[in-house]
Amino acid sequence: MAKVYYQDAVQTNVLKGKTIAIVGYGSQGHAHAQNLRDNGFDVIIGLRQGRSWNIAVQDGFEVKTVAEAAKAAEVIMILLPDELQGDVYNQEIAPNLEAGNALVFAHGFNVHFGEIKPPADVDVFLVAPKGPGHLVRRTFVEGGAVPALFAVYQDATGTAREKALSYADGIGSTRAGVLETTFKEETETDLFGEQAVLCGGTTALVKAGFETLVEAGYQPEVAYFECLHELKLIVDLMYEGGLENMRYSISDTAQWGDFVTGHRVVTDATKAAMKDVLKDIQDGTFAKGWIEEHKSGRPNFNAINEADNKHQIEVVGRELRAMMPFVKPKVKMGV
Ligand code: NDP
Ligand code: MG
Ligand code: MG
């Protein structure tokens, strides 16, 4: 069993009084910055001029350019989009690092795949909340927390591990529990989870189910409810008590269908494909492809995004959700 750390494992003084620069004020950035500030840490924000800059100022933070923030801080948490981190790090952060500083990440991607090569005299660790930034903030305000992983990549000062635990405590995650991992494990499992199951696997499954019903002549509205809307109810039951709890709540007919049909859809071939996906992640093929796609202006990313936004399931879904005032995004899209 992996060891889980809680608040009592933390030497809270190790980061107190140090200036923490949160670079980026998006999904994760705003949550880390506000939770750390509420817990009494010294936080400044590093950004470029633009939308996030104005929001961070409105939220009462001292905002500087990334270079100035990196220079002023002893702890630099990089919460920029992964595909931009390498360039921003090389141009604005690396020249301003001092021996003994801590370079921190919420995802191991850039360090693990060699896009960022930190100097030997700084601590490098990650603290990765296992949930979207807006939940990191919301659960903290409600007195709870999103659990997190932490990992030390490089311990230059002999205190990197305590700093990582203190940071996890600062954003609230020790209330829920914090697990130790490595950059390799965090990066590869995070990418695999989001590609094969959480995002890629689920959207493909939902669309295929919807298309199958609509192509067979059923009403798209009914297909939407069966294949997308109800997914949340099932996932909530799994979240609360695993497969067993979900199966306890559904009818025996649904459970029998689950037993005899699940593996007809997600077959041995699907699992073989998952192993291929994992191999592409492990050997860097996925990371290389994504950085290249981004640097060439994202032609495929934009085309697929546009096509999926026009998919019938999205059109029908927008109409149906407009008639269900209780269903609305908790976070305004694009924020
Ligand atoms: P977002 O896209 O939500 O936010 C990015 C922020 O970076 C914005 O404030 C943006 O500001 C700023 N930014 C973009 N480019 C620059 C630049 N060139 N110079 C300065 N600031 C810039 O990112 P996320 O919070 O989603 O991701 C941050 C990190 O957290 C990533 O490593 C990700 O893997 C990790 N993570 C994310 C999770 C999530 O749920 N989102 C979960 C766990 C980890 P502007 O308004 O100017 O564009
Ligand atoms: Mg991820
Ligand atoms: Mg049903």
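This structure is a prediction, so every number in the text was calculated from the model and none was measured. For ligands, and for the atoms within them, numbers begin at 1 and follow the listed sequence.
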Exercise for the section: Would you check whether Gly26 has a nitrogen or oxygen atom less than 3.5 angstrom from a nitrogen or oxygen atom of ligand 1? Expected result: yes
Exercise for the section: Mind checking ring-ring contact (aromatic ring centres under 6.0 Å, His included) for Tyr218 and listing every partner two or more places apart, or none if nothing turns up? Expected result: none
Handout entry: Salt-bridge present (Arg298, Glu83; N to O < 4.0 Å)
Key = yes
Problem - Selection from Ile22, Leu80, Val88, Val127 by shortest heavy-atom distance to atom 22 (C) of ligand 1 - result: Leu80
Problem - Crowding at CD, Glu142 (>12 non-hydrogen neighbours, <6.0 Å) - result: yes
Practice task
Name all residues meeting the ring-ring contact (aromatic ring centres under 6.0 Å, His included) criterion together with His112; count only those two or more places apart in sequence or in a different chain, and write none if there are none.
Solution key: none
Problem - Shortest reach to atom 3 (O) of ligand 1 by a heavy atom, considering only Gly133, Ser27, Pro81, Ala67 - result: Ser27
Practice task
May I ask you to check if ligand 1 and Tyr25 share an N or O to N or O distance below 3.5 Å?
Solution key: yes
Exercise for the section: Under 4.5 Å between side-chain heavy atoms, chaining through other members, with only Ile, Leu, Val, Met, Phe, Trp and Tyr counted: pull out the rest of the cluster around Phe105, sorted by chain and number. Expected result: Val23, Val66, Ile76, Ile78, Leu80, Val88, Tyr89, Ile93, Leu97, Leu103, Val111, Ile116, Val122, Val124, Leu126, Tyr153, Phe183
Practice task
Could you tell me how the ring of His30 sits relative to the ring of His134: parallel (under 30°), tilted (30 to 60°) or perpendicular (over 60°)?
Solution key: tilted
Completion exercise
Protein N/O/S atoms closer than 2.8 Å to the Mg ion (ligand 2) number 2
Exercise for the section: Output yes when the distance from some N or O of ligand 1 to some N or O of His107 is under 3.5 Å, and no in every other case. Expected result: no
